[in-house]
Student: 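One structure coming up, written as structure tokens, with questions to follow.
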Protein chains: 2
Amino acid sequence: MSQMLQIHDQLREMILSLDLGPGERLTERWLESRFEGSRTPIRAALVRLEGEELVQRDGRNWIVAPIDLGELEALAEFRVPLETTAVRLACARASEADIAGIEGMLDACQSGAPREEWHRIGTDFHVEIARLSGNSFIVKAVAGAMTRLSRARWLEVWTEPSREQAWREHRRILGFIKNNDPEAAAREAADHISDTRDRLLRSLNEDRRGLKARGFAVIGLR
Amino acid sequence: MSQMLQIHDQLREMILSLDLGPGERLTERWLESRFEGSRTPIRAALVRLEGEELVQRDGRNWIVAPIDLGELEALAEFRVPLETTAVRLACARASEADIAGIEGMLDACQSGAPREEWHRIGTDFHVEIARLSGNSFIVKAVAGAMTRLSRARWLEVWTEPSREQAWREHRRILGFIKNNDPEAAAREAADHISDTRDRLLRSLNEDRRGLKARGFAVIGLR
DNA sequence: AGGGTAAGATTGGGATACCAAAATGGCATG
DNA sequence: CATGCCATTTTGGTATCCCAATCTTACCCT
């Protein structure tokens, strides 16, 4: 694989895992030494990441995109029509094997699993469901939305019951798709997105002090 | 403005206006002489355009993204939930001035206007309506979808009645938003998207010979 | 004449050189 | 001690340079 793609993937991972703090300045020269490559592939990776809005310009500087908690509500508003459409289409188009695959994914995440695992599967579930719609535009839009949500979800203080609640909702959505009940699946998906938004906002509001202490550029929480 | 952005914008325009044919090969060296700049900003512009899916890799070569007419149906399927949501939100959130602005836009396009004008406004209408939703994710998604549609719309053979039909539908959508009738607006928007898809597919099917004659890489029409 | 092939040209990937603008830091001045 | 200003450094933007891979092409052997 080209060096540029390696750098892109690594940098992306560092950003999404909060290894690089939101708002943090990135100088091309630092990245140069960090990845032991020249500025050419690094620049290409940065331009690419800018397209994914994981990196931004600040004047002529590069910064890790800040987390804008103000967009959480707009994001939910966007996801509801998208994902309700996705599950409706999934009912019509998904094969049993497709569904079994996602069930397996959920099963694989036992209660003792590490935090990263829960986080990743919680994201992938939505993308995989979208994939069942057979509509690549929906898949890309859902994947983009989940990426945007991803870092905020790390900041959430996950309690055992809230995590269990989310998992029950995932199972219910999948169950309705399996039973080919599109309207129930859509209703469940919409509720799940709203619930998740509420849990997230509540948690972040309760933990504002903690967020600031960690020094990330986190903006927009009213 | 940086040279890279200039090159990006010009190249983007050349692609969207079919000045550069879909599927056409782009060598960095040709672009270098065409834009009288070095490869560095050109490569940045290409990476950027790749993110917008207006340019692709073909092996290690760059090509103008082919037009995939097979995605027209998926695109409509994607737009319906998006844009019905947009008009519903617009009813709740748009000011009279916002609406008047879009009315003015439609008025400005008289029947004698050049083809480019009809094309541009036909795209902008949808983006501006989306903007009334106040949801930036919806705006970006609609803008992206209209960009993807843009080149196929140039290939369409516009008859006077079909153009008039589209315009009437635009006016009706806007009218329902003005009268604050979200459900009627949503129904109208969904119908408009379906109608447009049908008109486009019918026109392209009737003109397949013409398309091939022009030698563009146009794929996927069943 | 046909087909394989090797020399040459061309290409994109990456590294480096150079520059102007911007940030930094330290010194002089009030 | 605060403040303004200039020298220096650092930065990103651009232009080149080099290389390995790939594509052409023209030739030679059959």
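Below, read A as the first sequence line, B as the second, and so on, with proteins coming before strands; counting in each chain starts at 1.
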Student: For the pair Asp98(A) (side chain) and Ser95(A) (backbone), establish whether a donor and an acceptor sit closer than 3.5 Å, ignoring hydrogens and angles.
Tutor: yes
Student: Taking DNA chain D as the partner, which of residues 39-52 of chain A come within under 4.0 angstrom of it by heavy atom?
Tutor: Arg39(A), Arg43(A)
Student: In residues 29-38 of chain B, what residues come within less than 4.0 Å of DNA chain D, judged by heavy atoms?
Tutor: Gly37(B), Ser38(B)
Student: Hey, does Leu155(A) have a side-chain heavy atom less than 4.5 Å from the side chain of Leu204(A)?
Tutor: yes
Student: Is any NZ, NE, NH1 or NH2 atom of the basic residue among Arg120(A) and Asp124(A) found under 4.0 Å from an Asp or Glu carboxylate oxygen of the other?
Tutor: yes
Student: Does the side chain of Arg34(B) come within less than 4.5 Å of Leu26(B)'s, by heavy atoms?
Tutor: no
Student: Measure CG/Asn61(A) against C1'/dA21(C) and give the value in whole Å, please.
Tutor: 12 Å
Student: Using the heavy-atom set of chain B and a strict 4.0 Å cut-off, write down the first and last nucleotide of DNA chain D that makes it in, 5' to 3'.
Tutor: dT14(D) to dA21(D)
Student: Look up atom CG in Leu31(A) and atom CE in Met14(A), then write down how far apart they are to the nearest 0.5 Å.
Tutor: 8.0 Å
Student: Have a look at Leu26(B) and say if it touches a base, only the backbone sugar-phosphate, or nothing, with a 4.0 Å heavy-atom cut-off.
Tutor: sugar-phosphate
Student: Arg60(B) has an atom CZ; how far is it from atom P of dG13(C), in whole Å?
Tutor: 7 Å
Student: What's the spacing between Arg197(A) CZ and Leu72(A) CG if we round to 0.5 Å?
Tutor: 10.0 Å
Student: Under 3.5 Å, side-chain donor or acceptor atoms of residues 76-87 of chain A against the rest of the protein: list the pairs with distances, not counting sequence neighbours.
Tutor:
from	atom 1	to	atom 2	distance (Å)
Glu77(A)	OE1	Arg93(B)	NH1	3.0
Glu77(A)	OE1	Asn135(B)	ND2	3.0
Glu77(A)	OE2	Arg93(B)	NH2	2.7
Arg79(A)	NE	Glu83(A)	OE2	2.7
Arg79(A)	NH2	Glu83(A)	OE2	3.1
Arg79(A)	NH2	His126(A)	ND1	3.3
Glu83(A)	OE1	His126(A)	ND1	2.8
Thr84(A)	OG1	Val80(A)	O	2.7
Thr84(A)	OG1	Pro81(A)	O	3.1
Thr85(A)	OG1	Pro81(A)	O	2.6

Student: Under the side-chain hydrogen bond (donor to acceptor under 3.5 Å, both in side chains) rule, what pairs show up with a residue in residues 17-28 of chain B, not counting sequence neighbours?
Tutor: Arg25(B)-Asn61(B), Glu28(B)-Arg39(B), Glu28(B)-Trp62(B)
Student: Could you give all pairs that pass the salt bridge (Lys or Arg N to Asp or Glu O under 4.0 Å) test and reach residues 129-142 of chain B, with sequence neighbours left out?
Tutor: Glu53(A)-Lys140(B), Glu128(B)-Arg131(B)
Student: Could you tell me whether a side-chain N or O of Trp118(A) sits under 3.5 Å from a main-chain N or O of Cys109(A), the two making a donor and an acceptor?
Tutor: no
